[in-house]
Amino acid sequence: MSVLLTILAALIATGACAYHRTSLRTWAIATLAATFVVGLFSGAIGTMVILLIIELAIAVPLLMVSFRRRNITAPILKTFAKVTPKLSDTEQTALEAGTIGFEGELFSGKPDWSVLMRQPKPVLSVEEQAFMDGPVEELCGMLDDWQITHELADLPPNVWDFIKKNKFFGMIIPKSYGGLQFSALAHSAVLQKLSTISSTVASTVAVPNSLGPAELLLHYGSDEQKNHYLPRLAVGEDIPCFALTGPYAGSDATSLPDYGIVCKQTVDGVETLGLKLTFNKHYITLAPIATVVGLAFRMYDPEHLLGEKEDLGITLALLPRATPGLQIGRRHFPLNVPFQNGPVQGKDVFVPMSTLIGGPHMAGHGWRMLVECLSVGRAISLPSSATGAVRGAVAATGAYARIRKQFGLSIARFEGVEEALARIGGLTYATAALSKSTAAAVDRGEKPAVTSAIAKYHATEWGREVAANTMDVLGGKGVQMGPKNYAGRSFQAVPIAITVEGANIMTRSLMIFGQGAIRCHPYVLKEMQALAIADRSEQLKTFDRLLFSHLGFGVSNAVRSLVLGLTGSRLGESAGDAYTRRYYRKLDRYSAALALCADVFMGVLGGKLKFKEKLSARLGDVLSNIYIASAMLKHYEDSGRPESDRPLLAWAFHECMWRTQTALDGAIRNFPVRPVAWLLRALVFPFGRREVPPSDRLGRRVAALITGPSEARDHLLEYVYLTPTPNNVVGRLNALLPEVILAEPVDRKFAKAQKSGQFKSLEYVDQLAEAEKAGVLTATESALLKHVRESLYEFISVDDFHTDELRAFKTRADRQAEAQADAWIRKPEVRTPESAEG
Ligand SMILES: Cc1cc2nc3c(=O)[nH]c(=O)nc-3n(C[C@H](O)[C@H](O)[C@H](O)COP(=O)(O)OP(=O)(O)OC[C@H]3O[C@@H](n4cnc5c(N)ncnc54)[C@H](O)[C@@H]3O)c2cc1C
C-alpha cells in the first residue's frame, strides 16, 4: 500500500503540473517533493529512492540547458530539418497570409474564455441600420424572383439602376472615395436580407464587395488607380469582375496557363512599354456586363525589358472593357440563378504597364495580393448569403409546416416532420452565430484565414442541409416551380455556394486543418521558421526553447484530455453561468483532445499528413465544430443570455459535440499507426464515446419554437425580409401564421363535428354555414375559418403554365426583341448571341 501511495503521489504531482502547464523547474521540484514526503511518511523508502533516482535522471539533463541543447536538441533539430517538407512558394504565401483570432485559443488545448468574452458585441451603426431599413428594404420590395430567374434571366433595368444609385456595389469602399464604408457586420446583414428574397440579387451585390478590383485597389492600387476607379466603382459607373479561374486552373488556381509577355508597342504614335496578354477564363461573375476586368496571369520578360528575371510570376492587371481584343459578353447559366456570369478571353491583347494593379513594381506579387485579401471576402459573402437563406427557411418552412394539414393535423405535429424542422431551427442558430462571429472578426481588423474557411464551408454545407430538409417538408409545393414557390430556386442554388471561393471538398480537406494546424498551433510554424535562422547557435537556442515548450504542451494536452475525459469535464473552474458552464467544460475537453491529436498526427505522419486528406479533414471538422460552438456561446452572451434561445443553443451545441466526437473517432479509428491510435483512444475517449445527438424531446421544443410566434423565432428571423408585399410570398405566409394559430382551436371543434357526420353538404363553405346554424361555431368563428381557408389557398397551391411560357426560346422575332431590350446594359463591341452566330 505504501509503495502504491508513493507512486501515486509522484504521478499526481506530475499530472497536476502538466494539467496546469507549470515550468519544468516547478514540475521537478513538485514531483521530487511529493515522492520524498509521501515515501518518507508512508515508510516506502526503497520505492522512494528508486523513484527519486528516475526523476532526477529525467530532470537534471533537461534542466541543464547547455547540456540539453548540445545532446538532445541538436540531433532532433537535424532530423526535423530533414523531415520537414519544403513548402512551395504558394503554400508559404498561404500560411503567412491572414491573422489568428480565438481559433488559436482552441488549438491551445486550454482556451482562455475571457479572450472571447472581452470581444465587443457586434452592432450596426445608426447609419447602417438606416440603410437596412431604407434602401435595402426598398430594394427587397422591388424584386420579383420569378421574373428575374425565369422571365428575364437578369435583373430588370430599374433594379440595376437602384443598386448602383444607392451604392450597393460600394459597401467596402471608403467614404472619401464616395463609397458607403460599411462595417463587415453591415455588409453581412445586407447580403443576408437580400438573399432571403433573391439569391440572384444577393450574388450580384456580393461580388463587387468581395475579392475583386475594389478590394485589391484599396490595398495595393496606386493613388492614380484609386482616384480613377474607386469613385466610379462605388456608384456602379464601373462594373467590376475578377478573372482568375480558367478551364485548366480551377481549385489549383496557381497553375493558371494565362500569360503576359513584356514588350513594346507603338500606341498613338508613341512607343509604349506593356504586355501582350493571352488568356482564357471562365465562370467569371459579372463579366458579361463588366466595364473593368481584373485579370490574373503569369508574367514573363524574355527580352529582359524590366530586368534579369524572365518568369516574374503571377501578376494582376485591370483591363478596361474597351481594350482592343478583349472578348467578353456571352453568358454561362449557373443552375437557373441567372446572375451575370461568363467567359473572358483574349489573344495577344496589348495593355500598357500602367494597367498592373499597384503599378509595375507589383509584377509577380499577384498570388500574395490575392491570398492576403481572400479571407475578408470569404468571411462575408458566402457565409452571409447562406445565413440569409437558412433564416428565410425558418420563416417560410416553420410557417408552412404549421398551416399545411394532412391526416387532420398540422404536418409539424408528425414526429418525422418535427425532426426535419428541428434540424432547420438548430442549424440556423449555429449558422447565424458563425456568420456573425466571422464578420465581427473582420471588424476587429483580423484577416481570418482559418475561420473564413470554416465559415465558408460550414455555412454553405449547413445551408445545403437546411435546403434539403425544407424541400422534404414542403413536398410537391417545393417541387413545382413558379412565382409561388419560394424554396425551389434556393435549393437549386446550393451547389453554387458550395463551389465558389474554394470548392468545399478542397476547403475541408486541405485548408481548414492544413492552415489551422500550422497557423494556430503555438509552436509548429515558429519551429519551421526557426529552420531559416542563419546563425547556427541562435537557431539552436530558439529551436531548443520552442521544442521543450512544445513537448510540455503535448504532455499537458495528453493529461488534460485524459483527466477531462475521465471526469466528464467536471474538473476545476470554468467560464459561463450555471446554464452554460457545462458547455464551456466540454469545449475545454475537446480543445485538449484536438491539440493532442494534431500534435501526434503531425509528429507521426510528418509531411505525409498533407496527403492524408481524410484524416486532416476530420481534424478540421473538430476545429470547426468547437469554433462554431464557441461562436454560439458568445452569441448567447451578447444577446443577454435569453432563456427563450436555450433550446436552440442546446440543440445546436449537442449537434456540434456529436459531430466533434464522430470526427475525432473517425480520425483515430483510421490512423494508420495502430499502437499510436490505441494510445490516443485511451487518452481521448477513456470511457468510450459518450456524446449523443440532440434528444427527440429537445428537437420537439426547437420545432415548436419555429412553427409559432416566439421570441426565439424572432431572433432567428433577424434580417429576413418579412414585409408582406405582393412580391414576397415568405413575408405574406409568415404574416398569416398568427391568424392560423388563432383559428386552430376553432378548426378542431369544426373537425370534430365533421367527423361525427352531422353535415349534409360536401362543400367546406356550406359545412361552415351548417355548423353555424347548429351552434357548433359562432358567426365570428365561422368567418375566421372561411378567411383562413381562402388565404391559405395561395400558399398551398402551385403555379401552372402554358407550354409557350416555359420555352426558353420562342420565335426568332421574339429573340431579337429580347436582345434589343437587353442592349441597354451591353456595349456596342459586345458579342451578342446573334453576332456570335452570325
Ligand atoms: C457560379 C460561379 C461563379 C464563379 N465566379 C468566379 C469569379 O468571379 N472569378 C473567378 O476567378 N472564378 C469564379 N468561379 C470559379 C470558382 O472559384 C471555381 O469553380 C472553384 O475554384 C473550383 O474550381 P473548378 O470548378 O474548376 O473545380 P475543380 O478544381 O475541377 O474541382 C473539382 C472538385 O475537386 C475538388 N478538389 C480539387 N482539388 C482538390 C484537392 N487538392 N483536395 C480535395 N479536393 C480537391 C474540388 O473541391 C471539387 O469538388 C466561379 C464558379 C462558379 C461555379
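Numbering starts at 1 and runs along the sequence shown. The basis for the numbers below is simple: all heavy atoms, side chains too, and nothing from hydrogens, waters or symmetry mates. Quick caveat: nothing in here was measured; it's all calculated off a predicted structure. Numbering of ligands and ligand atoms starts at 1, following listing order.
Between Trp462 and His458, the two ring planes are perpendicular [angle over 60°; tilted spans 30° to 60°]. Between Phe671 and Phe601, the ring planes lie tilted relative to each other; the angle falls in the 30° to 60° range.
The ligand atoms of ligand 1 that sit less than 4.0 angstrom from a heavy atom of Ile284 are 7 (C), 8 (O), 9 (N), 10 (C), 11 (O). Taking every heavy atom of Ile496 and a limit of under 4.0 angstrom, the matching atoms of ligand 1 come to 1 (C). The ligand atoms of ligand 1 that sit less than 4.0 angstrom from a heavy atom of Leu510 are 41 (N). Shown in contact with Thr499 at under 4.0 Å from a heavy atom are these atoms of ligand 1, numbered in order with element: 19 (O), 20 (C). Taking a cut-off of under 4.0 Å to the non-hydrogen atoms of Phe339, the atoms of ligand 1 that pass are 1 (C). In the vicinity of Ser251, heavy-atom distances shorter than 4.0 Å reach the ligand 1 atoms 22 (C), 23 (O), 28 (P), 29 (O), 31 (O), 37 (C), 38 (N), 46 (C).
Salt bridge present: Lys281 and Asp258 bring a charged side-chain N and a carboxylate O closer than 4.0 Å. With respect to Glu465 and Arg659, a salt bridge is recorded, a charged nitrogen being found less than 4.0 Å from a carboxylate O. Look at Arg669 and Asp665 and you find a salt bridge, because one of the NZ, NE, NH1 or NH2 atoms lies within 4.0 Å of a carboxylate O, short of that distance.
In terms of polar-atom proximity, defined here as any N/O pair under 3.5 Å, Ser509 makes no such contact with ligand 1. At least one N or O atom of Tyr283, backbone or side chain, sits closer than 3.5 Å to an N or O atom of ligand 1.
Looking only at protein heavy atoms, the nearest one to atom 9 (N) of ligand 1 is Phe242 O, 2.8 Å. When only non-hydrogen protein atoms are considered, atom 46 (C) of ligand 1 lies nearest to Ala503 CB, 3.6 Å. In terms of protein heavy-atom proximity, atom 49 (O) of ligand 1 is nearest to Ile505 CD1, 3.8 Å. Shortest contact from atom 15 (C) of ligand 1 to any protein heavy atom: Thr245 OG1, 3.2 Å. Met506 CG, 3.8 Å is the protein heavy atom nearest to atom 39 (C) of ligand 1. Of all protein heavy atoms, the one lying nearest to atom 53 (C) of ligand 1 is Val500 CG1, 4.0 Å. Atom 26 (O) of ligand 1 has Gly250 CA, 3.3 Å as its closest protein atom, hydrogens excluded (heavy atom only).
Distances from atom 11 (O) of ligand 1 to the heavy atoms of Leu244, Val207, Val337 put Leu244 nearest.
Shown here, atom 30 (O) of ligand 1 is out of close reach of the protein: none of its heavy atoms lies under 4.0 Å off. Per-atom contact check: atom 7 (C) of ligand 1 touches the protein, criterion being a heavy-atom distance below 4.0 Å.
Residues Leu319 and Leu277 are in side-chain contact: their nearest non-hydrogen atoms beyond the backbone lie under 4.5 Å apart.
Residue Glu613 touches ligand 1 through its side chain alone, judged by heavy-atom distances below 4.0 Å. Of all the heavy atoms of Asn341, the ones lying under 4.0 Å from any atom of ligand 1 belong exclusively to the side chain.
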Evaluate the side-chain hydrogen bond (donor to acceptor under 3.5 Å, both in side chains) criterion for residues Asn341 and Thr285: first the C-alpha distance (whole Å), next the side-chain angles of each, then the deciding distance (0.1 Å), finally the verdict. CA-CA 4 Å; Asn341 184 274; Thr285 302; 3.0 Å; yes
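With Asp621 contributing its side chain and Leu664 its backbone, the two residues share no donor-acceptor pair below 3.5 Å.
Scanning for side-chain contact (heavy atoms from CB on, under 4.5 Å) contacts around Arg298 gives Tyr300, Asp311, Ile314, with sequence neighbours left out.
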